[in-house]
Amino acid sequence: NTAVVFSAATYRIDENVAGGVALIPVVRLGNLQNTFSVTASTTLWGTAVPNVDYTPISETLVFGPTVQTQFLAVPLLNNPNMFIDATVTLQLSAPVNAILTTPSSATLTIASVYSSPGQVSFSETNYIVSDTSGQAAITINRVNGTSGSVAVNMATSDGSGVAGLNYGAVNTNIFFADGEFTKTVSVPVFALASAPAAATVNLTLSHPQFGLALGSPSAALLTIENNF
């Protein structure tokens, strides 16, 4: 005999998964030589909203001889207003030349991007400030999740500008509280009559902690313009 099941009773897929599709394995058990089919579908049971969080689908999967796995492809819609995880119940039905066994139903959890620690990046690739302004405000954004308290290091290094002459060196850990999505770090800048028309400073994010990941850009340039 041939049986057909979902490969697991539960699945968890990020709502912004690459390709926008949750691939759910459906597998054959037993006899490998026959051809059979089964219908795999999403249902209306669950907390996810059809055509808002995902696109409903019902597909007949055909297994030829020796084929052990087919996939139900559930389109995910990356709803920007889905602030918590949502679920979809999946169902196998109408097998032909096979029987259903457990699990013939499964739960797909669509993981909200807000339920992850997120990614951190500079708000710009190039910050420009006058040397008479006293400081440059560097904005660092946390995206694709704001769950939990996280941290990242930001450091300056010399470009054409020299620490202690054109700017004050910064090497600091930046902490984001749960739900917090933006921080500003000040880099002191110094006015020099003899400075070149512009001096540059390298900015780097590194060592993300507590599940946080680096996004892009994780490196940026600060340009200090001489107004003398």
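Heavy-atom basis, side chains included; hydrogens, waters and symmetry copies ignored. Counting begins at 1 with the first residue of the sequence. Not measured: the values here are computed from a predicted model.
No hydrogens or angles considered: nothing links the side chains of Asn1 and Asn31 as a donor-acceptor pair under 3.5 Å.
Residue Ser41 holds its OG atom at 8.0 Å from CG of Leu92, rounded to the nearest 0.5 Å. Expressed to the nearest 0.5 Å, how far CG of Asn202 lies from CG of Asp158 amounts to 8.0 Å. Interatomic distance, OG1 of Thr204 versus CE of Met154, reported as 8.5 Å (0.5 Å rounding). Going from atom CD1 of Ile13 over to atom CD1 of Ile110 covers 9.5 Å, rounded to the nearest 0.5 Å. Here the CD1-OG distance, from Ile140 to Ser123, works out to 8.5 Å after rounding to the nearest 0.5 Å. Atoms OG and CG, from Ser104 and Leu90 in turn, are 11.0 Å apart once rounded to the nearest 0.5 Å.
When side chains are defined from C-beta on, Thr87 does not count as touching Thr89, because their heavy atoms never get closer than 4.5 Å.
Identified under the ring-ring contact (aromatic ring centres under 6.0 Å, His included) test for residues 13-38, with sequence neighbours left out: Phe36-Phe63.
For Pro56 against Thr42, the heavy-atom pair with the smallest separation is CA-OG1, 3.3 Å. Residues Ser130 and Ser133 approach most closely at O-OG, 2.7 Å, considering heavy atoms. Pairing each heavy atom of Tyr54 with each of Thr43, the nearest pair is OH-O, 3.2 Å. For Leu221 against Asn126, the heavy-atom pair with the smallest separation is O-OD1, 3.0 Å.
Judged by distance alone, the side chain of Tyr167 and the main-chain N or O of Gly164 form no donor-acceptor pair under 3.5 Å. No donor-acceptor pair closer than 3.5 Å links the side chain of Asn166 to the backbone N or O of Ala199. When atom types are taken as modelled, the side chain of Arg28 and the backbone of Val5 share no donor-acceptor pair closer than 3.5 angstrom. Of the possible donor and acceptor atoms, one in the side chain of Glu15 sits under 3.5 Å from a partner among the backbone N and O of Val113. Between the side chain of Thr107 and the backbone N or O of Thr10, no donor-acceptor pair lies under 3.5 Å. Between the Ser160 side chain and the Thr200 main chain, a donor and an acceptor come within less than 3.5 Å of each other.
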Would you tabulate the side-chain donor-acceptor contacts of residues 68-79 under 3.5 Å, counting partners in other chains and residues two or more places apart, or write 'none'?
from: Gln70; atom 1: NE2; to: Val62; atom 2: O; distance (Å): 2.6
from: Asn79; atom 1: OD1; to: Asn81; atom 2: N; distance (Å): 2.9
from: Asn79; atom 1: ND2; to: Asp53; atom 2: OD1; distance (Å): 2.9

Pairs of donor and acceptor atoms involving the side chains of residues 176-192, under 3.5 Å and at least two apart or interchain, shall be tabulated with distances.
from: Asp178; atom 1: OD1; to: Gly148; atom 2: N; distance (Å): 2.7
from: Glu180; atom 1: OE1; to: Ala177; atom 2: N; distance (Å): 2.8
from: Glu180; atom 1: OE2; to: Lys183; atom 2: NZ; distance (Å): 3.2
from: Thr182; atom 1: OG1; to: Asn141; atom 2: OD1; distance (Å): 3.2
from: Lys183; atom 1: NZ; to: Phe175; atom 2: O; distance (Å): 3.2

Could you walk me through whether Ile138 and Tyr127 satisfy the side-chain contact (heavy atoms from CB on, under 4.5 Å) test, starting with their C-alpha distance in whole Å, then the side-chain angles of each, then the deciding distance to 0.1 Å, before giving a yes or no? CA-CA 7 Å; Ile138 308 301; Tyr127 299 88; 3.7 Å; yes
Kindly determine whether Val201 and Ile224 satisfy side-chain contact (heavy atoms from CB on, under 4.5 Å), including the steps that lead there. CA-CA 8 Å; Val201 182; Ile224 305 168; 3.9 Å; yes
Where do His207 and Val152 land on the side-chain contact (heavy atoms from CB on, under 4.5 Å) test, with the steps shown first? CA-CA 6 Å; His207 301 100; Val152 69; over 6 Å; no
